[in-house]
Chemist: 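Please see the structure below; I have some questions.
It should be emphasised that the depicted structure is a prediction, and the values quoted were computed from it without experimental measurement. Numbers for residues simply follow the sequence, beginning at 1. The basis for the numbers below is simple: all heavy atoms, side chains too, and nothing from hydrogens, waters or symmetry mates.
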Amino acid sequence: MGKLKLYDTSIPRELIAEERESVYLSRSPEQRFLSVLHLNHISVVMNGGRPLKSPQGKGLVIRKPSI
């Protein structure tokens, strides 16, 4: 499970982006893949059990839920 890191608002966004990129690049390909799967799982849970993307003909298409 990931960690929540709070940043001071006085820190420039560029420095935060560089720090996050270095952490990401230091991971193994397997760890990167598993983190993507974990993010996908979180998005499904937060969307009420429905995936954000679903098959529609050719490939995956992002669609807005019909209200």
Side-chain angles (χ1 to χ4, degrees):
M1 185 124 171
K3 298 177 186 176
L4 175 64
K5 185 170 183 178
L6 301 176
Y7 291 94
D8 184 3
T9 56
S10 64
I11 298 175
R13 289 183 183 218
E14 294 79 19
L15 292 177
I16 294 171
E18 288 174 9
E19 178 185 343
R20 289 180 179 176
E21 181 180 17
S22 68
V23 169
Y24 177 78
L25 293 176
S26 69
R27 294 179 179 163
S28 70
E30 181 182 4
Q31 289 172 324
R32 292 180 198 172
F33 179 73
L34 292 176
S35 66
V36 168
L37 291 180
H38 181 69
L39 285 173
N40 186 35
H41 174 72
I42 290 172
S43 69
V44 170
V45 170
M46 294 183 70
N47 196 33
R50 293 174 310 229
L52 297 176
K53 297 181 180 181
S54 59
Q56 295 181 351
K58 297 180 179 179
L60 292 174
V61 177
I62 298 173
R63 64 181 170 141
K64 293 182 180 179
S66 56
I67 297 176

Chemist: List the atom of Y24, the atom of R32, and the distance in Å for their closest heavy-atom pair.
Modeler: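 Shortest heavy-atom separation between Y24 and R32 comes out as O-NE, 3.3 Å.
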
Chemist: My understanding is that only residues two or more places apart in sequence, or in another chain, count here; which of them pass side-chain contact (heavy atoms from CB on, under 4.5 Å) with E14?
Modeler: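 Listed in chain order: P12.
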
Chemist: Which heavy atom of N47 sits nearest a heavy atom of P51, and at what distance?
Modeler: ND2-O, 3.8 Å

Chemist: With sequence neighbours excluded, what pairs up with E19 under the salt bridge (charged side-chain N to carboxylate O under 4.0 Å, His left out) test?
Modeler: K5

Chemist: Report the distance from atom CD of Q31 to atom NE2 of H38, rounding to the nearest 0.5 Å.
Modeler: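 Nearest 0.5 Å value for the CD-NE2 distance: 13.5 Å.
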
Chemist: Who else is in L37's hydrophobic cluster (ILVMFWY, side-chain heavy atoms under 4.5 Å, direct or via others)?
Modeler: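 Direct or chained contacts put L37 with F33, L34.
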
Chemist: For the CZ atom of R27 and the CG atom of L25, what is their distance to the nearest 0.5 Å?
Modeler: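 Going from the CZ atom of R27 to the CG atom of L25 covers 10.0 Å.
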
Chemist: To the nearest 0.5 angstrom, please state how far the CZ atom of R50 sits from the OG atom of S43.
Modeler: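 The distance works out to 12.0 Å.
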
